[in-house]
Amino acid sequence: MLDLKFIRDNFEKVQQAVTNRRDGIDLSQFTTLDEERRGYLSQVEKMKAQRNAVSLEIAQIKKNKGDAQQKITEMRDVGTQIKTLDDKVRQVEDALFQIQARIPNIPHASVPVGASEEDNVSEKTWGEIPILDFEPKPHWEIAEKLNLIDFEGGAKVAGSSFVTFTGKGAKLARALINFMLDLHIEKHGYTEISPPFVVNRQTMFGTGQLPKFEEDLYHSQLDDLFLIPTAEVPVTNLLADRMLKAEEMPILYTAYTPCFRREAGAYGKDTKGLMRLHQFDKVEMVKFVDPETSWAEHEKLLKDAEDVLQALKLPYRVLNLCTADIGFSAAKCYDLEVWSVGVDRWLEVSSCSNFEAFQSRRANIRFRREKGAKPEFVHTLNSSGLALPRTIIAILENYQQADGSVKVPEVLQGFLGTDILK
RNA sequence: GGAGAGGUGGCUGAGCGGCUGAAAGCGGCACCCUGCUAAGGUGUUAUACUGGUAACGGUAUCGAGGGUUCGAAUCCCUCCCUCUCCGCCA
């Protein structure tokens, strides 16, 4: 969320950002509402000041055993007027907030302006695309043949786009989770968090999923609780309403969680195999940093995510997402895409974003630069490190052998207890 | 699910319906004193919105939302959360 005063003072800039993002939000009411709000506010505050003053007088008069009836009657009227004006203020503020809460973050200057994902800029590629001397199979065929995944079982117990990992497939997922967590904890200095997989409305607001994207979330009406679409949500909000000390930052958290997404509007897309699921596993990294350092931390975060792919020896590229493609809350976002020979395309396995103060303002995560200084909002960042299903796709497809077996990436062999899946 | 206790500033913790934005302590900051170590003294120290170039004002905020009242941290109602005990269950 952007600061109200910032929007007021930089209205053109905000409008430009909205346009560049191809975000449909209509800002035309903002200025009117903002001015209306301040108008009512100054009116009602004057009346409250008067009421406060007269109330003191009444107290004095009563203390001296005088008759305050006249003033009390006057103030009774003022009180009623205050009540009506307060209602108006609230109404206007609600309307204003509806707009404010839906305004996306301002893209950083280094974000390419673009109209669609076509305009994302490839910053680098790493690794060699494997050349197979046989016709590569897609992962769903490999997985089914090796009994790693039960696609029908998932569909039966839950519905389409839910899968069940079985046997070595389940263990491969667990191996990946352990490998990634250990890497981030031991090599990259993150602290492991195992958060709730279910969160309340306020928490979803804090990271920006609400109010705009409610239809993408699984929701329990009875409790007004939501299944998390990413660990970013509970982990970032873990520090909501906190006042951090400058010296405790940066705070680095990593967490494994399942992620639940309704994928509304994506029906019929990527229905084969593991490409797009309603539930998937992911290891996430979250950072809370001093605003001065957040862009450097963003690059380091990207590196931490890349390390996973490099360790797995999977070829990938880094995209700098253009204005039309970055997420609502992000000021800048790199996507990591792995190449997979079976499906013959790039697959997104990580988004690495800097949110600057956009989330911390919503979740009220602050710090003091030094003792006695004014509180400021921290900057938050996060990156997948990585999402499992597409990583598994890439492993199965890129490591497949002519005989139908799959070699296990070296770094996973210890976790999986074997060097070949067959 | 049943019974009880409680939610106040960066933290701990007081607070008869009116001079309480909120005692006290801790912590922080500034200064002073102290010839060592340790300590001691004085002052100062919330946030947001809003008006103003500024100086400086105004308003709000004691879990949330309503209500009573001229006036609510303080009284009433509803809800949320935390803790303790009991029951049930991984």
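Note: hydrogens, waters and symmetry copies are ignored here, and every other heavy atom, side chains too, is used. Numbered from 1 within each chain, the chains take letters A, B, ... in sequence-line order.
Residue pairs meeting the side chain to side chain donor-acceptor pair (under 3.5 Å) criterion with at least one member in residues 171-186 of chain A, sequence neighbours excluded: A:His184-A:His188. Residue pairs meeting the ring pair (Phe, Tyr, Trp, His ring centres under 6.0 Å) criterion with at least one partner in residues 67-107 of chain A, sequence neighbours excluded, are A:Phe97-A:Phe205. Annotation: side chain to side chain donor-acceptor pair (under 3.5 Å) contacts involving residues 137-163 of chain A, sequence neighbours excluded, comprise A:His139-A:Glu397. Within the structure, the salt bridge (charged side-chain N to carboxylate O under 4.0 Å, His left out) test picks out the following pairs touching residues 52-66 of chain A (sequence neighbours left out): A:Glu57-A:Lys71.
The C1' atoms of B:G7 and B:U12 are separated by 14 Å, rounded to the nearest whole Å. Comparing the C1' positions of B:G10 and B:U34 gives an interatomic distance of 31 Å, to the nearest angstrom. When the P atom is used for both B:G15 and B:C75, the distance is 12 Å, rounded to whole Å. Rounded to the nearest Å, the gap between the P atom of B:A72 and that of B:C62 is 11 Å. B:U74 and B:G67 are spaced 14 Å apart, taking the P atom of each and rounding to whole Å. The separation of B:A24 from B:C83, taken at their C1' atoms, amounts to 25 Å, rounded to a whole angstrom. When the C1' atom is compared between B:G13 and B:G25, the two are found 8 Å apart, to the nearest whole Å. Comparing the P positions of B:U8 and B:A14 gives an interatomic distance of 11 Å, to the nearest angstrom.
Distance CZ (A:Arg37) to P (B:G51): 9 Å, rounded to an integer number of Å. Protein atom CG of A:Asn364 is 18 Å distant from nucleotide atom P of B:U61, rounded to whole Å. Atom CG of A:Leu96 and atom C1' of B:C49 are 12 Å apart (whole Å). In this structure, CG of A:Asp34 is placed 12 Å from P of B:C49, rounded to the nearest angstrom. The nearest whole Å value for the distance from the CE atom in A:Met75 to the P atom in B:U69 is 16 Å. Distance, A:Asp67 CG to B:C70 P: 14 Å, rounded to whole Å. At whole-Å resolution of the value, CG in A:Leu56 and P in B:U20 are 11 Å apart. To the nearest angstrom, P of B:G71 lies 12 Å from CG of A:Asp77.
The phosphate of B:U47 (OP1 or OP2) has a side-chain N or O of A:Arg368 nearer than 4.0 angstrom. Checking the phosphate oxygens (OP1, OP2) of B:G71, no side-chain nitrogen or oxygen of A:Lys62 falls inside 4.0 Å. For A:Arg51 and B:C70, the shortest distance from a side-chain N or O to OP1 or OP2 is not below 4.0 Å.
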- Task: Give the dot-bracket string for RNA chain B, reading 5' to 3', where a pair is Watson-Crick or G-U wobble with both distances under 3.5 Å, ( ) marks pairs inside the strand, [ ] marks pairs crossing earlier ones, | marks a partner on another strand, and . marks unpaired.
- Result: ((((((((.[[[..)..(.....]]]((((((.......))))))((((((....)))))).[[[[[..)....]]]]])))))))....
- Query: Would A:Phe328 and A:Phe358 count as a ring-ring contact (aromatic ring centres under 6.0 Å, His included) if you check the C-alpha gap in whole Å, the side-chain angles of each, and the deciding distance to 0.1 Å?
  - Reply: CA-CA 10 Å; A:Phe328 174 75; A:Phe358 193 87; 5.5 Å; yes
- Evaluation steps, ring-ring contact (aromatic ring centres under 6.0 Å, His included), between A:Trp295 and A:His379: CA-CA 10 Å; A:Trp295 291 106; A:His379 280 192; 7.8 Å; no
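Position along RNA chain B of the nearest nucleotide to A:Lys5 versus A:Ala59 favours A:Ala59 as the more 5'-ward residue. Each of A:Lys63 and A:Arg366 was assigned the nucleotide of RNA chain B with the nearest heavy atom; the assignment lying further toward the 5' end belongs to A:Lys63.
In summary, the side chains of A:Thr236 and A:Thr380 do not present any donor paired with an acceptor at a separation below 3.5 Å, with no hydrogens or angles considered. A side-chain donor-acceptor contact under 3.5 Å links A:Gln310 and A:Tyr316. A:Asn52 and A:Ser55 share no side-chain donor-acceptor pair at under 3.5 Å. If you check the side chains of A:Gln16 and A:Asn20, you find a donor sitting under 3.5 Å from an acceptor.
Residue-level contact check: A:Arg8 touches the backbone only, with heavy atoms under 4.0 Å from sugar-phosphate atoms and none from bases. Among the heavy atoms of the strands lying under 4.0 Å from A:Gln60 is at least one base atom, whether or not backbone atoms are also near.
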- Which letters describe nucleotides 62-67 of chain B, given B = protein heavy atom under 4.0 Å from base, S = only from sugar-phosphate, - = neither? ---SS-
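Panel note: side chain A:Arg390, backbone A:Glu348; a donor-acceptor pair is recorded below 3.5 Å.
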Anything under 3.5 Å between a donor and an acceptor, one on a side chain of residues 38-50 of chain A, the other on a protein residue two or more places apart or in another chain? List them.
unit_1	atom_1	unit_2	atom_2	d
A:Arg38	NH2	A:Asp34	OD2	3.2
A:Ser42	OG	A:Gly39	O	3.3
A:Lys48	NZ	A:Asp86	OD1	3.3
A:Lys48	NZ	A:Asp86	OD2	3.4

Could you list the donor-acceptor pairs under 3.5 angstrom formed between side-chain atoms of residues 222-232 of chain A and any protein atom two or more places apart in sequence or on another chain?
unit_1	atom_1	unit_2	atom_2	d
A:Asp223	OD2	A:Ser220	OG	3.2
A:Asp224	OD1	A:Arg201	NE	3.2
A:Asp224	OD1	A:Arg201	NH2	3.0
A:Asp224	OD1	A:His219	NE2	2.7
A:Asp224	OD2	A:Arg201	NE	2.9
A:Thr230	OG1	A:Glu232	N	3.0
A:Thr230	OG1	A:Lys282	NZ	2.9
A:Glu232	OE1	A:Asn382	ND2	3.3
A:Glu232	OE2	A:Gln359	NE2	2.8
A:Glu232	OE2	A:Asn382	ND2	3.4

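Side-chain atoms of A:Ile58 lie closest to B:C70 of the nucleotides B:U50, B:C70, B:U47. In the set B:C49, B:G51, B:U47, B:G51 carries the atom at the smallest distance from any side-chain atom of A:Arg38.
Residues satisfying the ring-ring contact (aromatic ring centres under 6.0 Å, His included) criterion with A:Tyr253, sequence neighbours excluded, are A:Phe288.
For residues 199-207 of chain A, proximity to RNA chain B is found at no residue, defined as any non-hydrogen atom under 4.0 angstrom from a strand atom.
Heavy-atom neighbours of A:Glu117 CD from other residues, nucleotides or ligands within 6.0 Å: at or below the threshold of 12.
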Listed pairs, N/O of protein and of nucleotides 57-59 of chain B, under 3.5 Å:
unit_1	atom_1	unit_2	atom_2	d
B:G58	N2	A:Glu45	OE1	3.0
B:U59	OP1	A:Asn52	ND2	3.3

Can you pull every protein N or O that's under 3.5 Å from an N or O on nucleotides 74-83 of chain B?
none

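Under the 30°/60° scheme for interplanar angles, the aromatic rings of A:His298 and A:Tyr334 are found to lie parallel.
Atoms CG and SG, on A:Asp304 and A:Cys352 in that order, are 8.5 Å from each other to the nearest 0.5 Å.
By the 4.5 Å heavy-atom criterion applied to side chains, A:Asn320 and A:Asn120 are not counted as neighbours.
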